[in-house]
Structures are given as C-alpha cells and as structure tokens.
Visitor: 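Structure provided below as structure tokens; questions to follow.
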Amino acid sequence: MEMTERPRRLRSTPGLRRMVRETRVDASSLIYPMFVTDGKGRIEEIEALPGQYRYTVDMTDGKIESLLKAGVCSIMLFGIPEKKDELGTQAYAEDGIIQRAVSHIKEHYPEMFVITDVCMCEYTSHGHCGVLHECCGHYDVDNDSTLELLQKVAVSQVRAGSDMVAPSDMMDGRVAAIRYALDAGGHTGTPIMSYAVKYASSYYGPFREAAGSAPAFGDRKSYQMDYHNAREGLREALLDIREGADIIMVKPAMSYLDIVKEVHDNTNVPVATYSVSGEYAMVKAAAKNGWIDEESVMCEMAVSAYRAGASVYETYFAEEIAKCIREGRIG
Ligand code: PBG
Ligand code: ZN
C-alpha cells in the first residue's frame with residue numbers, strides 16, 4: 001500500500017490536540033476597556049454594549065475585584081466628563097475624571113495595571129480628536145497644536161498614577177512628543193502603547209454612543225487610516241517605533257488580522273490588537289437572537305487574534321475569556 005502523510009493523526013485525541021497546539025492564550029495578556037464618568041453612585045448600562053457600563057469612580061471597586069479574581073490584571077480607562085469644551089480641558093485637568101479614577105484604582109488595587117487612553121474626542125465639545133482650526137473655509141484638526149495638549153494629557157495621567165499611556169488620536173509625531181514630555185517630567189520608565197495602526201472604522205459606533213464622542217460634523221478620515229491600505233499600516237508602525245513606542249496596537253482586530261500579522265512579522269516589538277465595540281456588539285446581538293453561540297464565537301475571535309501574531313488582546317469580553325481559559329475551554 002502507498003504511504004501517505006496523515007496529519008489527522010495529531011488531532012485524534014483531545015490530549016494530543018492540546019499537546020500540539022500552536023497558539024496558547026494566557027489571561028495576563030488581556031486588557032479590559034472600562035468607562036468611567038463624573039458623578040457619584042451610578043453604574044449605567046451602555047445601550048449599544050449590553051453587559052458594559054459607565055461607572056462613577058466610587059462604583060468601580062466591584063468590577064475591579066471581579067476582574068482580578070478572574071485573572072484579568074490590566075485595564076484601559078476611558079473618561080467621560082460631564083463638561084466638554086472646545087479645547088477638551090477636562091482631559092488634562094488635575095481633578096479630571098481620568099485622573100481621579102486612576103488615583104482611586106491605584107490606591108485601592110495597586111496590583112491592577114492601569115493604562116490610560118490619550119485622546120481629546122471624549123473631552124471636546126465638537127468630538128474631534130484634537131484642536132480645530134479654520135482653513136480655507138472649513139474646519140480641520142490642527143496636528144501640531146494638538147500635540148501640546150496630548151503632552152499635557154499624558155503627563156497628567158501619569159502623575160495621577162497611570163502605568164502606561166495609550167495615544168489613540170492619530171496625530172503625526174505624537175509618540176515622540178509624548179515621550180519627550182514624559183521624560184522631561186521624570187517619567188522615563190513609563191511605557192507608551194501606541195495605537196499606531198488605527199483605521200477609520202464603522203466598528204467604533206457603539207463606543208461613540210458610550211462616550212458621547214461622535215464628531216459633531218465631518219468624520220475622522222483626515223487622521224485615521226483608510227482601510228484599503230495595508231502597507232501604510234506597517235509604515236505607521238515603523239514610524240511610531242522609531243519615535244519610541246514600546247507596544248504597537250492594531251485596531252480594530254477582527255477585520256484587520258492581516259495587518260496584525262504584517263506588523264508582527266516586520267517589527268520586533270509586542271503587537272496588541274483591540275477588538276472594538278462594534279465587534280462585541282455584533283456578537284452580543286447575534287447571540288441574543290440565538291443565531292450564534294456567544295461563548296464559542298468569543299473564544300474563536302480571541303484565538304484568531306493571537307494566532308495572527310498579537311501578544312496582547314484588548315476586549316470587552318476579557319473577564320469571560322479569562323474564565324474560559326481557567327476552565328480549560330480555550331488555551
Ligand atoms: C478615541 C477612541 C475610540 C476608540 C478607542 N479610542 C473611538 C474613535 O476613534 O472614534 C474606539 C474603541 C471601541 O470602539 O471600542 N480616539
Ligand atoms: Zn479620539
């Protein structure tokens with residue numbers, strides 16, 4: 001009889017399937033995005049993100065404790081201020097929502113690694129990620145004056161106790177500007193995770209509802225990337241690494257796994273990917289209708305991100321994924 005290769009042999013028993021797995025996941029690589037808001041005593045469910053909430057600072061303890069218990073030890077904080085203005089001043093106020101949330105969480109749960117999003121859009125009245133200027137009869141975001149504000153935001157967050165800053169604004173030169181400001185402030189050891197490769201995406205819809213940060217006019221296409229482009233993604237990543245980024249983030253995740261692989265294969269820094277609000281909302285909606293199995297789709301999405309080359313995975317499902325890892329359903 002003719003000899004044939006039989007790859008199926010390696011899948012023949014559960015023990016062997018596990019033994020030869022190429023991708024393994026660990027809860028320590030998960031980041032949970034969390035929304036904090038001004039006020040007291042409130043936990044509000046976000047309509048477009050069932051199971052996700054806006055917490056006032058005094059109400060964050062329960063969630064932090066259940067995350068830690070499940071093995072999720074990193075969060076990314078997004079602040080939703082009561083007052084927004086033209087220059088987004090609450091983003092860098094000493095008693096701003098993020099600054100108060102970080103210091104509360106780090107004081108009570110020093111073991112939680114707290115990352116802060118550096119951007120203006122949750123704080124500006126017009127919802128854009130930077131300062132506006134008028135140019136030939138229309139408004140646009142002014143790259144270079146925004147850099148000065150981003151420096152202030154990052155420094156104020158780190159002063160409040162942030163362990164790592166994550167600029168998501170997509171202004172050119174921001175990583176170098178933030179690195180310079182942090183170093184000048186004595187924060188030479190604080191890392192920067194850059195959302196280097198952030199596409200102008202409709203998957204951000206539910207987040208913008210959660211944060212009330214949809215642009216009042218126009219869109220973000222002048223600063224976020226065109227999703228037809230892959231090589232440009234690598235160029236953005238390489239520039240940010242040269243400017244001092246410690247981790248490169250690709251965002252969204254599921255429709256951009258080719259970019260994750262491209263960045264992984266062509267750089268030597270850790271690659272993170274963010275499974276954004278629209279990805280979560282789609283899974284929740286389909287599962288609610290009984291059209292898909294929520295848990296197994298969630299696990300499949302997570303593993304695909306790691307398989308593509310991500311070593312860090314940010315997701316609204318972080319706690320549930322950690323439980324699946326612990327109970328041996330993935331891993
Ligand atoms: C702010 C920011 C956004 C997200 C993360 N940081 C929204 C945007 O760029 O409009 C989206 C995250 C998500 O959809 O879960 N710049
Ligand atoms: Zn923004």
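Worth saying up front: this structure is predicted, and the values here are computed from it rather than measured. Below, each value reflects all heavy atoms present in this structure, side chains not excepted, and no hydrogens, waters or symmetry copies. Ligands are counted one by one from 1 in listed order, and the atoms in each one are counted from 1 as well.
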Visitor: Salt-bridge test for Lys198 and Asp169: reply yes if a basic N is under 4.0 Å from a carboxylate O, no otherwise.
Guide: no
Visitor: Give me the residue, atom name and distance of the protein heavy atom closest to atom 16 (N) of ligand 1.
Guide: Lys198 NZ, 3.0 Å
Visitor: Taking Glu295 first and then Arg329, would you say they form a salt bridge - that is, a charged N and a carboxylate O separated by under 4.0 Å?
Guide: yes
Visitor: Which residue and non-hydrogen atom of the protein lie closest to atom 6 (N) of ligand 1, and at what distance in Å?
Guide: Lys251 NZ, 3.2 Å
Visitor: Can you tell me which residue among Tyr203, Tyr313, Tyr316 is in a side-chain hydrogen bond (donor to acceptor under 3.5 Å, both in side chains) with Tyr274?
Guide: Tyr316
Visitor: Please state whether the rings of Phe207 and Phe78 are parallel, tilted or perpendicular, taking 30° and 60° as the class boundaries.
Guide: perpendicular
Visitor: Is it the side chain, the backbone, both or neither of Asp117 that has a heavy atom closer than 4.0 Å to ligand 1?
Guide: side chain
Visitor: Tell me whether Tyr195 has any N or O atom under 3.5 angstrom from an N or O of ligand 1.
Guide: no
Visitor: May I ask you to list the atoms of ligand 1 that are less than 4.0 angstrom from any heavy atom of Arg220?
Guide: 8 (C), 9 (O), 10 (O)
Visitor: Nearest protein heavy atom to atom 15 (O) of ligand 1, by residue and atom, and its distance?
Guide: Tyr316 OH, 2.6 Å
Visitor: What do you reckon, does Glu122 have a nitrogen or oxygen under 3.5 Å from a nitrogen or oxygen of ligand 1?
Guide: no
Visitor: Closest non-hydrogen protein atom to atom 12 (C) of ligand 1, residue and atom name please, with distance?
Guide: Phe207 CD1, 3.4 Å
Visitor: Would you call Lys323 and Glu319 a salt bridge, using N to O less than 4.0 angstrom?
Guide: yes
Visitor: Tell me which protein heavy atom sits closest to atom 10 (O) of ligand 1, plus the residue, atom name and distance to 0.1 Å.
Guide: Arg208 NE, 2.6 Å
Visitor: For Tyr280 and ligand 1, answer yes if some heavy atom of the residue is under 4.0 Å from a ligand atom, otherwise no.
Guide: no
Visitor: Is there a heavy atom of Met170 sitting under 4.0 angstrom from any atom of ligand 1?
Guide: no
Visitor: Looking at atom 14 (O) of ligand 1, what's its closest protein heavy atom, distance included?
Guide: Ser277 OG, 2.7 Å
Visitor: Of the backbone atoms (N, CA, C, O) and the side-chain heavy atoms from C-beta on, which set of Cys121 has a member under 4.0 Å from an atom of ligand 1: side chain, backbone, both, or neither?
Guide: side chain
Visitor: If you measure from the Lys or Arg side-chain nitrogens to the Asp or Glu carboxylate oxygens, is any gap between Asp226 and Lys221 under 4.0 Å?
Guide: no
Visitor: So for Glu279, does at least one of its heavy atoms come nearer than 4.0 angstrom to any atom of ligand 1?
Guide: no
Visitor: How wide is the angle at the Zn ion (ligand 2) between SG in Cys129 and SG in Cys119, to the nearest 10°?
Guide: 100°
Visitor: Going by heavy atoms in the side chains, are Glu47 and Glu209 under 4.5 Å from each other?
Guide: yes
Visitor: Kindly determine whether Met254 and Met282 satisfy side-chain contact (heavy atoms from CB on, under 4.5 Å), including the steps that lead there.
Guide: CA-CA 12 Å; Met254 196 167 51; Met282 290 193 302; 3.9 Å; yes
Visitor: When you check the gap from the basic side-chain N to the acidic O, do Lys284 and Glu294 get nearer than 4.0 Å?
Guide: yes
Visitor: If you measure from OH on Tyr204 to NZ on Lys251, what distance do you get to the nearest 0.5 Å?
Guide: 5.0 Å
Visitor: Short check: any N/O/S atom of Cys121 below 2.8 Å from the Zn ion (ligand 2)?
Guide: yes
Visitor: Hey, which of Ile75, Ile64, Val114 is the one that makes side chain to side chain contact (heavy atoms under 4.5 Å, CB included) with Tyr109?
Guide: Ile64
Visitor: Answer side chain, backbone, both or neither: which part of Ser168 comes under 4.0 Å from ligand 1, heavy atoms only.
Guide: both
